[in-house]
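Data first, discussion second: the structure below is written as structure tokens.
Proteins get letters first, then strands, A, B, ... in listed order; numbering begins at 1 in each.
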Number of protein chains: 2
Amino acid sequence: MISKKPIRRREDRSDQTQKRILRAAVREFSTHGLSGARTDRIAESAKVNKALLYYYFKSKQGLYAAAVENVAARVVENALTGFDPKYSAGEMLLRSALNHFDRILTQREFQSLLQQEMIRFRSGKGGSIPVLFRTAFAPLIQKMREAVETGTRTGELCRMDWLQVVYSIFGANVFYFLSAPMMELALPVEPFAPKVLKQRREIAVQFLGSALFTDRVAGAKLADRILCEMPMPRVTNVQARIEDFHARRKTL
Amino acid sequence: MISKKPIRRREDRSDQTQKRILRAAVREFSTHGLSGARTDRIAESAKVNKALLYYYFKSKQGLYAAAVENVAARVVENALTGFDPKYSAGEMLLRSALNHFDRILTQREFQSLLQQEMIRFRSGKGGSIPVLFRTAFAPLIQKMREAVETGTRTGELCRMDWLQVVYSIFGANVFYFLSAPMMELALPVEPFAPKVLKQRREIAVQFLGSALFTDRVAGAKLADRILCEMPMPRVTNVQARIEDFHARRKTL
DNA sequence: TACTTTTAACTAACCAGTTAATCAATGATA
DNA sequence: TATCATTGATTAACTGGTTAGTTAAAAGTA
């Protein structure tokens, strides 16, 4: 933003504008949905002419697909960290819960896009769900299943349905962020304030610790230890949040 | 559908067409979103002229608002059943979890609309969230909070953050239905098959029973008892499911 | 007749996608 | 190394189909 040295090499320049378009597209699609998004708005926010969108991504659909893939790729990389075999099964689960929370926190657009894709998929159109599923989702729940099964076999965890564990972990996190706008109206706190987020994150893991483990106290202790080792990431996405804020102001 | 006796009274006739429009609108908006929905399609599916939509509901936005309110109203009525003071705090919570599951199951459109409204709300525009919040959401979580607090005071429930309980209960249910289309790709089962639904519903309550209660075994037993008293409702919405099916076929 | 409900046909705006022309690196040539 | 055709990147202006919303008249009911 600040450095104004013009890019000389043609390729680099083109790459950069493509990235700019993609960033703008992710923002637009995640806040307005596929049909609500406006190509003019994307072009304007990427500071390029609208025709460029079609030059690089042939159609609105194409741009949308590229946007979804782009965010998905960013997610996949760190989805499986935490399943290091040096950890016990229970620890893997708690770590993946934290991982999931942090991922939603740092990549909010992904969540919006994913939810919208889910609705689209349910009402018939193929969309990107199958791809997302194969690349991001399937490997993760497979790992979780294995962890629950070994955990119950060794007696570390309570005897329980592995799917229910998946639903509990993901569900609580997803619902937290999903319901945040509404909760904002209910509670005397701002759900996206760093302090509140941090506390929520801790409580969620502690809850899992005492809900999943045979030895409740040991589970809670383990949760505390992991929390020390995995501090909450800083939310770097400041620019987007500022833009959000202004968009909000304008429409009030 | 079958009975063809024409309605004589003007008022009744008008009422009925309004309802037909509203039903069609709910279907259209919940599958396509506000901006994806087409007024022509709503009119056609309600078997009225498009101008009637504007006669009764002045604008697309107005129709949308009416649709959301309509579904919300249906939800509110049975949200608070289960908080009968004759039950213990723990029982209230388990019952409300089942209630919530059944509500999503029988009124799927509400969920879609609500989620879309949540995204809309986050990205600035007021929408119906504040209304929905006051009428449906706030009273419910208030009751849940009270239940958790009395439950922990009496020692029936584990000492835990009441909000975390809310997130766990709602989260698991919401996430089950939200992720169902994706899970369909992951699992060898159809998540909307009555048998699968029934099993999931049971496991979810049993999980809560042993996660929330100080006495895990007692919690699980209570869950079983409640499950007997609250059998899964039949999904009456056959027409919508058939239409869904056909819509799906067409777009493949 | 007087009033409400419903319709066919229309319009104005919007918006995805196109076109043809311009601009600026690049690399070949003398 | 100065020149210039080539090619990729970018734009302003346009187009045509779509869609929310209107109007004026017809049909139905009290």
Side-chain angles (χ1 to χ4, degrees), chain A residues 4-68 116 120 125 127 251, chain B residues 4-68 116 120 125 127 251:
Chain A
K4 264 283 161 111
K5 33 188 155 185
I7 298 104
R8 299 198 183 287
R9 279 192 53 226
R10 195 146 76 184
E11 215 178 300
D12 290 355
R13 215 186 133 75
S14 158
D15 260 32
Q16 242 203 9
T17 50
Q18 274 193 62
K19 287 220 179 83
R20 255 201 343 271
I21 293 173
L22 221 49
R23 257 205 309 276
V26 167
R27 266 211 305 277
E28 178 76 9
F29 284 127
S30 65
T31 51
H32 296 90
L34 172 56
S35 50
R38 297 295 109 124
T39 51
D40 292 295
R41 219 152 37 196
I42 295 174
E44 190 196 339
S45 131
K47 291 194 226 8
V48 294
N49 186 280
K50 187 171 52 142
L52 260 195
L53 311 188
Y54 294 88
Y55 178 68
Y56 286 119
F57 306 91
K58 107 169 184 294
S59 69
K60 191 189 186 186
Q61 292 263 349
L63 182 54
Y64 181 73
V68 172
Q116 287 168 17
R120 244 161 59 87
K125 309 160 209 176
T251 52
Chain B
K4 265 283 161 110
K5 33 188 155 182
I7 297 101
R8 299 205 179 284
R9 280 192 50 227
R10 197 151 71 185
E11 214 177 297
D12 291 355
R13 213 185 135 75
S14 159
D15 259 32
Q16 242 202 10
T17 49
Q18 276 191 60
K19 286 221 179 79
R20 259 206 333 280
I21 293 173
L22 223 47
R23 256 205 310 277
V26 167
R27 266 211 306 278
E28 178 76 9
F29 284 127
S30 65
T31 52
H32 296 91
L34 172 55
S35 50
R38 298 292 147 225
T39 50
D40 290 301
R41 218 150 41 196
I42 295 174
E44 189 196 340
S45 135
K47 292 196 229 358
V48 295
N49 186 281
K50 189 172 52 143
L52 260 195
L53 310 188
Y54 294 89
Y55 178 69
Y56 285 119
F57 307 92
K58 106 168 182 293
S59 69
K60 191 188 186 187
Q61 292 265 348
L63 182 54
Y64 181 73
V68 172
Q116 287 168 17
R120 246 162 58 86
K125 309 161 208 176
T251 53

For [N], does OP1 or OP2 lie under 4.0 Å from any side-chain N or O of [X]?
X	N	result
A:Ser14	D:dG8	no
A:Thr39	C:dC15	no
A:Ser59	C:dG17	no
A:Arg38	C:dA16	yes

Check your understanding: Does some side-chain heavy atom of B:Ser45 sit less than 4.5 Å from a side-chain heavy atom of B:Glu28?
Key ->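 They are not in contact (no side-chain heavy atoms under 4.5 Å apart), so the answer is no.
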
Review point. Would you call A:Phe29 and A:Lys60 a side-chain contact if the rule is heavy atoms closer than 4.5 Å?
Key: yes

Practice item. Look at all strands and tell whether A:Tyr56 reaches a base, only sugar-phosphate, or nothing, counting heavy atoms closer than 4.0 Å. Key: sugar-phosphate

Practice item. For B:Ala37, report the nucleic acid contact type (base, sugar-phosphate, nothing); a contact means any heavy atom under 4.0 Å. Key: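 The residue B:Ala37 makes sugar-phosphate contact but no base contact.
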
Point to revise | Which nucleotide in C:dT7, C:dT4, C:dA16 has an atom nearest any side-chain atom of B:Tyr55 | key: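 Closest nucleotide to the B:Tyr55 side chain: C:dT4.
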
Exercise for review: Just compare C:dT7, D:dT11, C:dC15 and give me whichever is closest to any side-chain atom of A:Asp40.
Suggested key: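 Ranking C:dT7, D:dT11, C:dC15 by closest atom to the A:Asp40 side chain puts C:dC15 first.
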
Measure the distance from [atom1] on [X] to [atom2] on [N] and round it to the nearest whole Å.
X	N	atom1	atom2	result
B:Leu52	C:dT5	CG	P	10 Å
A:Gln18	D:dG8	CD	P	14 Å
A:Asn49	C:dA21	CG	P	16 Å
A:Phe29	C:dA16	CZ	P	9 Å
B:Gln16	C:dT4	CD	P	21 Å
A:Lys60	D:dG17	NZ	P	19 Å
A:Arg13	D:dT10	CZ	C1'	9 Å
A:Tyr54	C:dT19	OH	P	13 Å

Practice item. Applying side-chain contact (heavy atoms from CB on, under 4.5 Å), run through B:Leu22 and B:Tyr56 and close with a yes or a no. Key: CA-CA 10 Å; B:Leu22 223 47; B:Tyr56 285 119; over 6 Å; no

**Study point:** Test log, rule side-chain contact (heavy atoms from CB on, under 4.5 Å), inputs A:Gln61 and A:Phe57
**Key:** CA-CA 9 Å; A:Gln61 292 263 349; A:Phe57 306 91; over 6 Å; no

Practice item. Please lay out, stage by stage, how A:Tyr55 and A:Asn49 fare under the test side-chain contact (heavy atoms from CB on, under 4.5 Å). Key: CA-CA 10 Å; A:Tyr55 178 68; A:Asn49 186 280; over 6 Å; no

